[in-house]
Engineer: 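One structure, as structure tokens, below. Some questions next.
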Amino acid sequence: VLCTPLGFVAIEAGWVVTEVGRQPWIVQGVLYTRDAVTPVRDLVVPLIAFTLLYLLLAAVTWRLLRKHVFATLPAPAAGGSDA
Amino acid sequence: MPELAHVVAAVVLVAMIAYVATGGADFGSGIWELFARGPRGALQVRALRGAIAPIWEANHVWLILVVVLLFVCFPTAFAAIMVALHVPVTILLFGIVLRGAAFVFQAYAEGDHAIERHAVRMFRIASTITPMALGVVAGAVAGGYVRVDAATGAVLDLGAARPWLAAFPLAVGLLTLALCAWLAAVYMTLAAPAELREDFRRRALLVGLAVGVIALPTAWLARREAPVLGEPLLGSWWSLPFHALTGVVAIGALAAVFTRRYGAARWLAIAQTALILGGWGAAQFPHVIAPDLELVRAAAPRVVLATTLAVLTVGSLLLVPAFFWLYRVFRAPR
């Protein structure tokens, strides 16, 4: 059970490598990232807003998932290691 | 042979009509949950949720189609709209995400009342704000509030608020909200169980009148504040017959609700939606962003347009029958 997240960690790690490895290009050999960035100012505002949004969604999902997992656990006889 | 760019633009317009007629009504159902009161309030909420639960995710396909077509086929215009209107577009995105998440959260709350209560409130608020934001974006683009450099196609920096925080875009936001509520109420006269029909009939009549009441000053505002749209919308050779037709269809839809001919009312309300959006499209043609950017000039290279149209044709062979059966299965009038 504890190993479940490892697959996701591997996917994310691979993604980070491709994104970082391609810099300074955003489209390899065609377009620099600095030329592709939006002219919109104060980008820190949407960055914080979207981070908070996804933290909220993650927290609620976590809480509901726990409820569903507990609801479907076999009777306490299973005992042992739950999360 | 028509310009490929114009063909793609026509597809975008049809997809927008489909989105308002289907997804717009989903927003409307969330709005009606806000007003679900009285002895049959809980029943109304259950009927509203039951009506949208099987279809609301599928309905967003139309918005995705609009966004992707703009992005692929009119990249200059897409960039200009997203940059100039990033505030209402972000609100729109937040609304869509929160609304979908909240709907799923309340459905799977499993007796977690705190989550359920918050999710339901979030769903209703997001259902109201999202169509407003959608209308504001549409009004800003239609009314010529997004300006681009006519030579390079680069968007002009007018600040974060000026391209949309004005009377006309906000009026279009309000009109969109009323239109969504109207469509939802009309559909519910068919989808709701018999004992709730009269409730939704009364609401449909009220908000149907509101659509007309909001549309008139919005048209006046278009002429005064947004002549780029107002002049062609109200001053073309087709204006008078077109708006007369829209008015007749709108009154016909209201009359059909009044006389309890709900099946006809649904089709008339859809036709009314198509005419309102079609009028916008006709007034804006041949521009993608009036008055600076024409469809042909903003379009991607011909090979991209041709490929996209070919893919669309093949894709719609799958999509259209799938949608037909989806609505057929879940919306069969009883």
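Lettering follows sequence order; numbering is per chain, from 1.
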Engineer: Check this for me: A:F50, atom CZ, are more than 12 non-hydrogen atoms of other residues, nucleotides or ligands nearer than 6.0 Å?
Structural biologist: yes

Engineer: Take atom CE in B:M82; do more than 12 heavy atoms of anything else shown fall under 6.0 Å from it?
Structural biologist: yes

Engineer: Can you tell me how far apart CG (A:L53) and CZ (B:F94) are? Round to the nearest 0.5 Å.
Structural biologist: 4.5 Å

Engineer: Under the salt bridge (charged side-chain N to carboxylate O under 4.0 Å, His left out) rule, what pairs show up with a residue in residues 79-89 of chain B, not counting sequence neighbours?
Structural biologist: none

Engineer: Above 12 or not: heavy atoms from other molecules or residues under 6.0 Å from CG of A:L55?
Structural biologist: yes

Engineer: With sequence neighbours left out, write down each residue that passes side-chain contact (heavy atoms from CB on, under 4.5 Å) with B:A299, or none if nothing qualifies.
Structural biologist: B:A5, B:F74, B:L305

Engineer: With sequence neighbours left out, write down each residue that passes salt bridge (charged side-chain N to carboxylate O under 4.0 Å, His left out) with B:E33, or none if nothing qualifies.
Structural biologist: B:R49, B:R124

Engineer: Contact between A:L57 and B:V97 at the side-chain level, heavy atoms closer than 4.5 Å - yes or no?
Structural biologist: yes

Engineer: Between chain B and chain A, are any donor-acceptor pairs under 3.5 Å, and how far apart is each one to 0.1 Å?
Structural biologist:
from: B:Y108; atom 1: O; to: A:H68; atom 2: NE2; distance (Å): 3.0
from: B:D112; atom 1: OD1; to: A:R63; atom 2: NH2; distance (Å): 2.9
from: B:D112; atom 1: OD2; to: A:R63; atom 2: NE; distance (Å): 2.8
from: B:D112; atom 1: OD2; to: A:R63; atom 2: NH2; distance (Å): 3.2
from: B:D157; atom 1: OD1; to: A:R41; atom 2: NH2; distance (Å): 3.2
from: B:D157; atom 1: OD2; to: A:R41; atom 2: NH2; distance (Å): 3.2

